[in-house]
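Because the structure is a prediction, the values reported are computed rather than measured. What's counted below: heavy atoms across the whole structure, side chains too, no hydrogens, waters or symmetry copies. The residues of the chain are indexed from 1 along the displayed sequence.
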Amino acid sequence: MKKRKYLSIALALLLGLSVSMAYVSTPISAQAEQKQQTNDSMGDGTQNRNWVKKSKKPPISTKTYSVNVQENVEITMRDGVVLRGRLFLPQGVDLPQPSLILENGYGHVNQKKADDLSRYLAEHGYPTLHVGLRGSGTSDGEANLFNKFSEDGYDLVEWMAKQPWSDGNVGLVGQSLRGISQWLTAKELPPSLKAISPEIACTDCYDYLWYPGGMLPGPGRVGRGDPEYTSVLPHRDFDAWWRERTLNTQDLQSISKQGIAALISGGWQDYITPGNIQAFKEFSALGGKSKMIIGPGAHDTIYDLLPYDFKDYQVAWFDRYLRGLDNGIDKEDSVLIYVQGPNQWRFEKAWPIPDARIATMYLSDQHSGSISSINDGTLSAVQPKEQNSSEDYEYSPTTGPFLHTLRSNKNGILKVDQSPYQEKTLTWTTGSLSDPTELTGSVKFSFWAESSAEDTDFVIEISDVAPDGTATQVTAGYLNGPRAKSRTHPTPLTPGKIEQFNIEALPTSYVFQEGHRIRISMAGGTTALPDQVGPQGPGLNPNEATVKIYQDARYPSHLEIPIIGKALLPTESKKRNK
């Protein structure tokens, strides 16, 4: 029997690999076409929300301009370092005009996508500088992780504001590293900066990019090598070095008070967009002028956006906050999200969504009958009555148990059946859903655990379990035990001591279809599958450990699931009637 079980698992692994490789080779345009063909049901009770029905003409001028390109523009920083860039000047427009900067930590040479965006913005009347940050491309100076991004950004903005083509109002644009630099520039509060558009970026890249949940850097970060990875290694904890390279709530409040308008964007499948979503949550709560757009994609630009193209959204944003045009972009609801499942765009008034219902589901030792995992537990809305119930697993950095939650650069979450891997982990699964159920927001997991080691990691995966038993990853979450309460001052775990921990999974918007189930899986680490391209997320804890998860009346470990609409999770209606 054991040989037969191992053979079936091996076949499942091979099948998972073939599916993974097939997905990796699928171009984004084909992915988008597949998404449009799916069109599953909306969540119960969400049909009358503000769904985007069709595309419409963007609120921008149809007039465009030819562009003159000036090469090797030199800008001297306050310490004498010279940065070099490419200037895109619109022809035929009355100068001066509001101007834009694309700050590029990869340099401005052979950066076609950034050049194309710079040209597009110039065609719409904005003088645009595409500049390499220090130590990149042909720019002078030393490069390490985000080195002098704040100070150099300030100097670039104020230099741009004084040029004859600029009217003194400056904006920033760009994605990924070019979006992170925008946040760090805004942190310095340059007087001439009026608007930014950070796409697939993060304000706290310690927690959302390099040390997810306080865990070690994963293969995608190790692969960065010199100068980034080697400069990060001495800063395992959140210290003064990181403080220079991140933004906190006070920084966001200062940006808000200065009136800098932020168009914050990204994709549900991306690995650092969660940092941008958290920035929007804080920035908008502080009264900052902001809008958030989150699409279906991974670490790439937003595609198939409705009601109009993302580049035109950016033009409209700068028209409003640099030119002062009353184009209505600020009168739309401030959140525009792509809901996975029905695969449609929808406006919301705020984030988190104000009318989300938090459904609390407890870990239970009752068997769900849905998987042959270590425990096959159940998620229930009824609080546990057992006085002493727990589940445990043995973790090793070489043998696991592992989940496969790392996200690829271009394709995001692995589109493979996760159930063969979940069989080796702890799992808790709901009963079958009676209605399509929309989860939008961040799932929070509060649990009690003990470990035999002083340093232990916790990895969770939220998945969609189909009636045939296949499990599709929806989102994941990470936590290093010693850094659960402070990333700056870690506290070693006391072996054998029961402690409470909290993990907030990466945010998402996803509809579980009728007859499907929601599952949480738990393990001590996450690894890439063979040939997974650009795996991003945390690395492995080197310490072996026996980990025990509690699920009883004394220690009621539970999930908090944000539900949009009126769908009820299994046993939830029974709980409400009590």
Exercise for the section: Using the salt bridge (charged side-chain N to carboxylate O under 4.0 Å, His left out) rule, take Asp251 and Arg243 through it: C-alpha gap first, then chi angles, then the decisive distance, then the call. Expected result: CA-CA 11 Å; Asp251 296 322; Arg243 179 67 188 90; 3.1 Å; yes
Practice task
Show your working on side chain to side chain contact (heavy atoms under 4.5 Å, CB included) between Leu540 and Tyr395 and close with a plain yes or no.
Solution key: CA-CA 11 Å; Leu540 293 176; Tyr395 168 77; 3.9 Å; yes
Exercise for the section: Run the numbers on Ser265 and Glu199 for side chain to side chain donor-acceptor pair (under 3.5 Å), then give the verdict. Expected result: CA-CA 5 Å; Ser265 57; Glu199 184 184 1; 4.9 Å; no
Exercise for the section: Decide side chain to side chain donor-acceptor pair (under 3.5 Å) for Thr398 and Ser396; before the verdict, give the C-alpha distance in whole Å, the side-chain angles of both, and the deciding distance to 0.1 Å. Expected result: CA-CA 5 Å; Thr398 56; Ser396 163; 2.9 Å; yes
Practice task
Go through the steps for Trp183 and Ile196 under the test side chain to side chain contact (heavy atoms under 4.5 Å, CB included), then give the verdict.
Solution key: CA-CA 8 Å; Trp183 282 119; Ile196 60 176; 4.0 Å; yes
Exercise for the section: Take Phe146 and Phe149 through the side chain to side chain contact (heavy atoms under 4.5 Å, CB included) test and state the conclusion after the steps. Expected result: CA-CA 5 Å; Phe146 313 155; Phe149 276 18; 3.8 Å; yes
Practice task
Take Asp204 and Gln278 through the side chain to side chain donor-acceptor pair (under 3.5 Å) test and state the conclusion after the steps.
Solution key: CA-CA 9 Å; Asp204 177 3; Gln278 179 63 27; over 6 Å; no
Exercise for the section: I would like to know whether Val465 and Ile518 meet side chain to side chain contact (heavy atoms under 4.5 Å, CB included); could you show each step before the answer? Expected result: CA-CA 6 Å; Val465 183; Ile518 301 173; over 6 Å; no
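Looking at Ser446 and Asn502, their side chains do bring a donor and an acceptor atom within 3.5 Å of each other. When only modelled atom types and interatomic distance are considered, Gln340 and Thr508 share a side-chain donor-acceptor pair under 3.5 Å. For the residue pair Lys415/Gln269, the side-chain donor-acceptor check at 3.5 Å is satisfied. Between the side chains of Tyr393 and Asn375, no donor-acceptor pair is found at a separation under 3.5 Å. Between the side chains of Ser389 and Asp365, at least one donor-acceptor pair of N or O atoms lies under 3.5 Å. Under the 3.5 Å distance criterion, with hydrogens and angles disregarded, no donor-acceptor pair is assigned to the side chains of His367 and Asp376. Counting only N and O atoms by type, the side chains of Tyr421 and Glu461 include no donor and acceptor under 3.5 Å apart. Residues Ser380 and Thr378 bring no donor and acceptor atom of their side chains to less than 3.5 Å of each other. Donor-acceptor pairing under 3.5 Å is recorded for the side chains of Asp455 and Asn480. If you check the side chains of Arg519 and Ser370, you find a donor sitting under 3.5 Å from an acceptor.
A distance-only check finds no donor-acceptor pair linking the side chain of Glu188 to the backbone of Leu184 [under 3.5 Å]. Listed for the Thr185 side chain is a donor-acceptor partner under 3.5 Å among the backbone atoms of Ser181. Without hydrogens or angle criteria, Thr230 side chain to Asp226 main chain gives no donor-acceptor distance under 3.5 Å. A distance-only check finds no donor-acceptor pair linking the side chain of Lys424 to the backbone of Phe402 [under 3.5 Å]. Between the Ser390 side chain and the Tyr550 main chain, no donor and acceptor come within less than 3.5 Å of each other. Proximity of a side-chain donor or acceptor of Trp268 to a complementary backbone N or O of Tyr338 within less than 3.5 Å is detected. For Ser231 (side chain) and Asn144 (main-chain N/O), no donor-acceptor pair under 3.5 Å exists by modelled atom type. The backbone N or O of Leu406 lies less than 3.5 Å from a partner atom in the side chain of Gln532, making a donor-acceptor pair. In terms of modelled atom types and a separation under 3.5 Å, the side chain of Asp207 and the main chain of Gly213 share a donor-acceptor contact. When atom types are taken as modelled, the side chain of Asn147 and the backbone of Glu142 share a donor-acceptor pair closer than 3.5 angstrom.
Atom CD1 of residue Ile180 and atom CD1 of residue Ile200 lie 9.0 Å apart, to the nearest 0.5 angstrom. Between Gln513 atom CD and Thr437 atom OG1 the span is 9.0 Å, to the nearest 0.5 Å. Of the inter-residue distances, the one linking Tyr206 atom OH with Phe238 atom CZ reads 8.5 Å to the nearest 0.5 angstrom. Distance OG1/Thr456 to CG/Leu493: 5.5 Å, rounded to 0.5 Å. If you take CD1 on Ile549 and CD on Glu391, they are separated by 9.5 Å, rounding to the nearest 0.5 Å. Between the CG atom in Leu252 and the CD atom in Glu282 there is a gap of 5.5 Å [rounded to 0.5 Å].
Note on Arg483 versus Asp457: no salt bridge recorded, every NZ/NE/NH1/NH2 to OD/OE distance being 4.0 Å or above. Using a 4.0 Å cut-off between charged nitrogen and carboxylate oxygen, Asp270 and Arg407 do not count as a salt-bridge pair.
Of all heavy-atom pairs between Arg487 and Asp237, the closest is O-CB, 3.4 Å. What you find for Thr249 and Leu286 is that their closest heavy atoms are O-CD1, 3.7 Å. Among all heavy-atom pairs drawn from Gly377 and Ser368, the shortest one is O-CB, 3.6 Å. The shortest heavy-atom contact between Ser463 and Gln422 is OG-NE2, 3.2 Å. The nearest pair of heavy atoms linking Gly107 to Ser136 is N-OG, 3.2 Å. Trp428 approaches Gln551 most closely through the heavy-atom pair NE1-OE1, 2.8 Å.
Between Tyr229 and Trp210, the ring planes lie parallel to each other; the angle is under 30°, not in the 30° to 60° tilted range. Using the six-membered ring where Trp is involved, Trp448 and Tyr555 have ring planes that are tilted, between 30° and 60° apart.
Counting heavy atoms of neighbouring residues, nucleotides and ligands inside a 6.0 Å radius, atom CG of Asn110 does not exceed 12 of them.
Checked against His516 for a side chain to side chain donor-acceptor pair (under 3.5 Å), the options Thr472, Asp464, Asp40 give a single hit: Asp464. Applying the side-chain contact (heavy atoms from CB on, under 4.5 Å) test between Trp345 and each of Ile293, Ile337, Val339, Ile294 identifies Ile293 as the sole match.
With ring centers used as reference points, His235 lies 6.0 Å or more from Trp242. If you look at Phe512 and Tyr510, their ring centroids are closer than 6.0 Å. Aromatic rings from Tyr303 and Phe310 are positioned such that their centres are separated by 6.0 Å or more.
Partners of Arg346 under the side chain to side chain donor-acceptor pair (under 3.5 Å) rule, at least two apart in sequence or in another chain, are Glu348, Glu438.
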Residues 520-527, side-chain donor-acceptor partners within the protein, below 3.5 Å, at least two apart:
from	atom 1	to	atom 2	distance (Å)
Thr526	OG1	Leu403	O	3.1
Thr526	OG1	Thr405	N	3.1
Thr526	OG1	Thr405	OG1	2.9
Thr527	OG1	His404	ND1	3.3

